[in-house]
Amino acid sequence: MSKAPDSDKAENGGPSTVEQYLVKDPERFALNMARMIEQAGKAASAWAEPREKGEVRDHVAEPVVDMVKTFSKLSEYWLADPQRAMEAQTRLFAGYMTVWANAIQKVSPNAEAPEDAIKPERGDKRFQDPEWGRNAFFDFLKQAYLVTSRWAADLVDHAEGLDEHTRHKASFYVKQVSNAIAPSNFILTNPELFRETVASNGENLVRGMKMLAEDIAAGRGDLKLRQADYAPFEIGKNIATTPGKVIGRSDVAEIIQYDPATETVLRRPLLVCPPWINKYYILDLNPQKSFIRWAIEQGHTVFVISWINPDERHGAKGWEAYIREGLQYGLDMVEKATGEKEVNAIGYCVGGTLLAAALALLAQEGDHRIKSATFFTTQVDFTYAGDLKVFVDEDQVAAVERSMSEKGYLEGTKMATAFNMLRSGDLIWPYVINNYMRGKDPLPFDLLYWNADSTRMAAANHSFYLRNCYLENNLSRGTMELAGRTVSLADITIPVYNLATKEDHIAPALSVFLGSQFFGGDVEYVMAGSGHIAGVVNPPAAHKYQYWTGAKPVGDFNTWFAGAHEHSGSWWTHWQHWIENQDNVHIPARKPGKRMKTLGDAPGTYVKVRV
């Protein structure tokens with residue numbers, strides 16, 4: 001069926017028309033609505049069946065109760081003073097009146113187009129379709145939404161007397177609600193979705209509901225949001241492909257030694273301790289992005305800890321177990337494979353927090369094999385922790401512990417959802433729209449494949465982390481207890497390379513900077529551009545971003561940054577020079593299996609266990 005001339009004009013920049021929003025084939029549209037309802041029934045069944053069998057228990061009430069409590073405290077401040085409440089209401093009403101006046105002017109014949117009462121923030125991709133500004137109805141929805149969400153955010157910012165944690169939670173919850181109710185998320189209030197639905201006679205909704213049912217089934221009763229086309233990827237085939245061997249396997253970790261790529265290597269081997277939240281191959285996505293492959297090419301003998309994806313057998317494994325059976329076991333395997341007692345170590349995110357705690361413990365125990373430590377976006381002090389701190393107070397931690405006690409672990413989907421919520425505007429709602437409303441398959445993307453490859457959290461491990469780090473900040477306070485000892489970061493006197501990233505929402509640069517001041521030795525603090533992942537996984541060949549170096553990380557962070565030197569490109573080469581300055585002795589390259597029996601090819605078996 002050909003388009004109406006007015007519709008062509010609208011799509012090419014002319015005036016908006018009603019024609020493009022009218023159903024052209026009512027019979028076909030009605031048939032597709034029936035098919036959509038059928039698929040929606042399958043989605044409902046996929047959600048209900050595991051609950052009827054007792055395989056899934058919902059804990060929705062607990063986060064909702066926390067949000068209600070937080071908003072109640074916010075409301076209490078504004079309603080406690082009638083004048084203050086009236087002023088807040090007046091600001092909102094004034095914004096609506098401006099939007100209303102603009103809407104009337106926009107539909108008036110021969111009237112000059114008014115200036116928007118409010119504009120989307122820079123980088124907001126939700127309102128890019130021309131109809132958001134050209135069509136009076138959609139323009140009114142957009143501006144009313146922006147006025148409301150901006151007003152709600154201001155209520156949090158100007159609520160005096162709220163403690164910092166409550167303010168942080170209120171700001172986070174307001175952002176989540178604002179992102180959820182955006183008119184761009186609904187068929188009838190998003191011009192692009194509306195047009196696509198009409199143009200396809202609703203076939204997009206049939207495909208979308210089918211995908212929704214599949215994703216709920218894949219999540220075994222919970223929605224496992226599809227962020228990429230995962231089919232093209234297979235671990236060991238086209239992702240995590242750097243060649244090597246598994247040289248050790250404990251109850252919580254496999255130790256991988258990689259093949260050399262140079263004739264000589266640095267004498268000190270390199271042991272990488274990645275986070276157990278997600279999997280280690282973020283550092284080995286593909287040959288172009290792989291930090292592991294790049295480090296090998298620079299002459300490192302690289303060993304990596306590949307953590308188990310825990311199940312009920314690992315429920316009692318706490319931090320001491322992860323240190324003994326993971327990090328310290330890794331050091332034993334490195335020594336056995338190379339004969340070396342001096343090692344460079346890297347810890348990434350929570351893997352770095354574990355490394356720091358282990359170093360403090362091992363210093364007291366007299367194990368000094370690690371001679372330098374590098375931390376990627378690692379927090380050891382949690383005073384200024386990122387948005388994950390929203391989920392951590394006594395009530396919420398207790399609720400998580402109750403949930404974990406049922407199986408001995410936290411479901412991987414729970415952590416994945418929490419991380420996605422930190423950037424819901426980028427990691428949730430665009431995919432909800434693309435998948436379930438437009439009915440389109442997402443594109444293949446290795447980073448999002450990794451992001452969706454969830455890991456469970458062993459109960460004892462996760463509880464220790466939440467309480468000792470986020471809740472009580474025991475590591476930097478010098479009150480963390482491990483193996484019957486009270487550990488102190490001041491006992492870590494080896495050289496430290498401490499990498500932060502400028503836009504990190506998990507381990508903010510300020511938090512990493514403050515943590516630098518607790519170590520007992522020299523600290524090289526470096527801040528890279530971009531965020532928690534892209535700022536770390538930034539190979540030199542990409543010529544992306546930048547990094548800053550400066551004075552010792554003491555005093556005020558803003559003062560340090562003002563005096564820091566900016567360098568273009570990747571921090572990787574800067575780190576390599578730092579490592580070589582610690583010990584630049586080279587020896588003939590080492591091959592896995594020369595001194596000990598191997599257990600199979602990299603990437604091993606633990607990394608392939610999915611949830």
Side-chain angles (χ1 to χ4, degrees), residues 1-26 28-30 32-33 36 95-96 98-109 111-150 177-209 211-212 424-426 428-443:
M1 183 176 291
S2 63
K3 293 181 181 177
D6 284 345
S7 180
D8 282 334
K9 189 186 289 186
E11 290 187 9
N12 290 311
S16 178
T17 67
V18 176
E19 180 72 17
Q20 59 188 318
Y21 302 111
L22 297 180
V23 174
K24 308 298 189 300
D25 189 341
R28 189 173 165 196
F29 187 85
N32 282 329
M33 289 302 97
M36 180 198 74
Y96 286 155
T98 304
V99 171
W100 180 251
N102 284 0
I104 292 175
Q105 190 174 347
K106 182 160 284 193
V107 297
S108 299
E112 187 176 337
E115 187 73 21
D116 284 351
I118 188 170
K119 294 183 183 295
E121 291 184 4
R122 190 175 178 182
D124 190 339
K125 300 176 181 179
R126 295 174 295 179
F127 305 108
Q128 293 181 331
D129 190 276
E131 285 286 279
W132 285 111
R134 192 166 49 201
N135 183 292
F137 171 70
F138 294 116
D139 183 58
F140 177 83
L141 288 175
K142 175 193 73 177
Q143 292 194 58
Y145 163 74
L146 291 173
V147 164
T148 307
S149 58
R150 199 79 50 89
V177 173
S178 295
N179 286 342
I181 66 172
S184 54
N185 294 339
F186 305 97
I187 299 289
L188 297 180
T189 56
N190 182 327
E192 189 175 6
L193 291 176
F194 204 149
R195 287 199 307 270
E196 287 189 24
T197 302
V198 168
S200 70
N201 287 298
E203 288 183 7
N204 56 316
L205 301 182
V206 179
R207 295 192 303 269
M209 283 299 103
M211 291 175 67
L212 179 64
S424 61
D426 297 321
I428 294 180
W429 295 110
Y431 297 101
V432 169
I433 293 169
N434 181 77
N435 300 358
Y436 310 135
M437 297 183 193
R438 301 182 73 185
K440 292 187 176 181
D441 289 313
L443 299 173

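V198 is listed as a side-chain neighbour of K24, based on a closest heavy-atom distance under 4.5 Å. No side-chain heavy atom of M437 sits under 4.5 Å from any side-chain heavy atom of E196. Taking the side chain as every heavy atom from C-beta outward, I187 and L205 approach each other to under 4.5 Å. Residues F140 and W100 meet the side-chain proximity criterion, which asks for heavy atoms closer than 4.5 Å. In this structure the side chain of W132 reaches within 4.5 angstrom of the side chain of P183, judged on heavy atoms. Proximity of D441 to M211: side-chain heavy atoms (C-beta onward) are separated by under 4.5 Å at one or more points. N185 places none of its side-chain heavy atoms less than 4.5 Å from the side chain of V432. At a threshold of 4.5 Å between non-hydrogen side-chain atoms, the residues K440 and N204 do not count as touching.
For the residue pair F186 and A180, the shortest heavy atom distance occurs at CZ-O, 3.7 Å. Scanning both residues, V206 and M36, for their nearest heavy atoms gives CG2-N, 3.9 Å. What you find for F29 and V23 is that their closest heavy atoms are CB-CG1, 3.7 Å. P430 and S424 get closest at one heavy-atom pair: CD-O, 3.9 Å. Between D139 and G133, the shortest heavy-atom distance links the atoms OD1-CA, 3.9 Å.
The aromatic rings of F127 and Y145 are tilted relative to each other, their planes meeting at an angle between 30° and 60°.
To the nearest 0.5 Å, the span separating CZ on R126 from CG on N179 amounts to 6.0 Å. The structure places CG of L146 at 11.0 Å from CG of L141, a figure rounded to the nearest 0.5 Å. Here the NZ-CZ distance, from K119 to R150, works out to 11.0 Å after rounding to the nearest 0.5 Å. Going from atom OH of Y21 over to atom OG1 of T197 covers 11.5 Å, rounded to the nearest 0.5 Å.
Counting heavy atoms of neighbouring residues, nucleotides and ligands inside a 6.0 Å radius, atom CD1 of I181 exceeds 12 of them.
Although no hydrogens or angles enter the test, the distance criterion places a donor-acceptor pair under 3.5 Å between the side chain of R207 and the main chain of R438. Checked by atom type and distance alone, the side chain of N190 pairs as donor or acceptor with a backbone atom of S184 at under 3.5 Å.
Of the candidates R195, K142, Q20, Q20 is the only one forming a side-chain hydrogen bond (donor to acceptor under 3.5 Å, both in side chains) with E131.
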